[in-house]
There are 2 protein chains.
Amino acid sequence: MTTEPSTVPTGGPHRPPEEEYLRLHHQICFSLHAASRAFSGVYRVVLKDLGLTYPQYLVMLVLWEHGELPVKRIGELLRLDSGTLSPLLKRLEAAGLVHRARSTEDERSVTVRLTERGDALREPAQRVPRRIAEATGLTAAEVTELRERLTRLTDALDSARLTD
Amino acid sequence: MTTEPSTVPTGGPHRPPEEEYLRLHHQICFSLHAASRAFSGVYRVVLKDLGLTYPQYLVMLVLWEHGELPVKRIGELLRLDSGTLSPLLKRLEAAGLVHRARSTEDERSVTVRLTERGDALREPAQRVPRRIAEATGLTAAEVTELRERLTRLTDALDSARLTD
DNA sequence: CCCATTTTAGTTGTGCACAACTTGATTGTG
DNA sequence: CACAATCAAGTTGTGCACAACTAAAATGGG
């Protein structure tokens with residue numbers, strides 16, 4: 001029974017809809033998962049010179065854009081919570097790229113700002129996007145379309161989760 | 001200097017192409033990352049009843065389809081190595097869903113097969129895909145298109161990585 | 001003014017991803 | 001046959017994601 005359950009698609013004349021769903025679904029959930037990991041893999045190679053991981057790079061991107069931010073705001077921008085960010089920021093601080101300090105006006109808040117080294121890293125990082133873009137083999141228009149589709153998908157998934 | 005570097009897009013009359021790249025690129029890499037995590041979040045909720053995590057569910061999917069497989073083959077199908085699979089399979093075995101045994105013909109290989117409980121879990125799992133499909137808010141055609149795009153992207157990223 | 005509630009970071013524990021390495025079995029070639 | 005090269009799993013160590021929790025500060029209603 002367990003040695004040969006439900007083999008290849010089917011032998012029957014019509015396929016039950018649930019089977020069809022299972023297959024399609026398997027493919028979409030797996031392909032997104034795989035694409036995400038393939039992306040990290042390429043980033044791992046490209047970011048090696050900078051000494052950054054992919055999530056660390058995302059944090060640096062928002063800091064390069066904004067200069068300094070409270071941890072809370074970084075979390076909102078990157079959709080990450082303190083359980084992920086606290087140790088990550090600690091590692092960036094240990095690497096001398098950022099500085100963390102309690103806000104004086106609100107002692108609950110911690111402000112993260114770039115150090116001189118962190119700011120300087122921006123220059124070599126400028127070359128990263130083009131290398132990644134080349135690796136994807138997508139045109140700018142395709143990138144935009146895919147991004148929009150993924151953003152809509154994320155919003156749909158997030159709101160579906162709330163109503164569960 | 002570090003307090004306000006490179007603020008908003010620009011103040012200048014023409015934007016340097018690297019800046020444009022940085023922005024677009026930021027968005028695509030972030031959106032894929034976020035979509036992947038949003039997906040896991042929905043799966044986490046839906047799979048809770050089955051007592052499976054998302055990666056465990058992927059392994060169960062290929063086992064439900066093939067009945068039994070060597071670890072090596074599972075890794076090929078899911079693009080995962082033994083460093084990820086060994087402990088994951090150990091947890092599935094501890095949960096009584098699979099059984100692992102050294103192959104008699106090749107002592108290097110370990111064959112993973114479903115236990116009766118693992119096979120039985122297939123029935124309630126049939127309802128998962130529809131729930132996920134509803135959460136995505138996508139039509140079947142959109143799912144197919146997105147999946148194809150992501151698969152092409154993964155292939156492009158993987159081959160780009162090899163030539164690095 | 002006081003205290004319950006909320007907010008912000010941080011901590012702990014579990015699981016996944018992956019590089020680098022180890023162990024033991026198999027294969028191919030001299 | 002012998003032994004180097006290869007191969008399959010597993011182990012170790014690092015980092016990310018996230019749920020659940022704690023600690024400390026701020027806020028707001030009575």
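Letters A, B, ... are given to chains in the order of the sequence lines, protein chains preceding strands, and every chain is numbered from 1.
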Distance check needed: [N] [atom2] versus [X] [atom1], whole Å only.
| X | N | atom1 | atom2 | result |
| --- | --- | --- | --- | --- |
| B:Phe39 | D:dA17 | CZ | P | 18 Å |
| B:Leu80 | C:dA19 | CG | C1' | 15 Å |
| B:Leu88 | D:dG10 | CG | C1' | 14 Å |
| A:Gln56 | C:dA17 | CD | C1' | 15 Å |
| A:Glu76 | C:dT7 | CD | C1' | 12 Å |
| B:Asp158 | C:dC18 | CG | C1' | 14 Å |
| A:Glu107 | D:dT27 | CD | P | 12 Å |
| B:Asp81 | D:dG13 | CG | C1' | 14 Å |

Looking across every strand, which nucleic acid part, if any, lies under 4.0 Å from [X] by heavy atom: base, sugar-phosphate, or nothing?
| X | answer |
| --- | --- |
| B:Pro87 | nothing |
| B:Thr53 | sugar-phosphate |
| A:Leu85 | nothing |
| A:Lys90 | sugar-phosphate |
| A:Arg73 | nothing |

Would you say a side-chain N or O of [X] is under 4.0 Å from OP1 or OP2 of [N]?
| X | N | value |
| --- | --- | --- |
| B:Arg44 | D:dA19 | yes |
| B:Ser82 | D:dA9 | no |
| A:Arg108 | D:dA23 | no |

Consider the side chain of [X], meaning its heavy atoms from C-beta on, and name the nucleotide among [options] that approaches it most closely.
| X | options | answer |
| --- | --- | --- |
| B:Arg37 | D:dC18, D:dA9, C:dA25 | D:dC18 |
| B:Arg102 | D:dC18, D:dG10, C:dA9 | D:dG10 |
| A:Thr84 | D:dA26, C:dC18, D:dA17 | D:dA17 |
| B:Pro70 | C:dA9, D:dA9, C:dA17 | D:dA9 |
| B:Ser109 | C:dT26, D:dA8, C:dT11 | D:dA8 |

For the residue pair A:Tyr43 and A:Tyr54, categorise the inter-ring angle as parallel (less than 30°), tilted (30 to 60°) or perpendicular (more than 60°).
parallel
Pair A:Leu97, A:Leu63 - check side chain to side chain contact (heavy atoms under 4.5 Å, CB included), show working.
CA-CA 11 Å; A:Leu97 300 176; A:Leu63 286 173; over 6 Å; no
Is there side-chain contact between B:Leu61 and B:Leu78, with heavy atoms separated by less than 4.5 Å?
no
On a heavy-atom basis, which atom in A:Thr151 and which in B:Ser31 lie closest, and how many Å separate them?
OG1-CB, 4.0 Å
Work out which heavy atom in A:Pro129 is nearest to a heavy atom in A:Ala125; give both atom names and the distance.
CD-O, 3.3 Å
Thinking salt bridges, do A:Glu76 and A:Lys72 make one under a 4.0 Å N-O criterion?
yes
Relative to the 5' end of DNA chain C, which residue comes earlier, A:Leu89 or A:Ser40, by the nucleotide with the nearest heavy atom?
A:Leu89
If you assign each of A:Val110 and B:Glu105 to its closest nucleotide in DNA chain C, which residue comes earlier from the 5' end?
A:Val110
When the nearest nucleotide of DNA chain D is assigned to A:Pro55 and to B:Lys48 on a heavy-atom basis, which residue is associated with the more 5' position?
A:Pro55
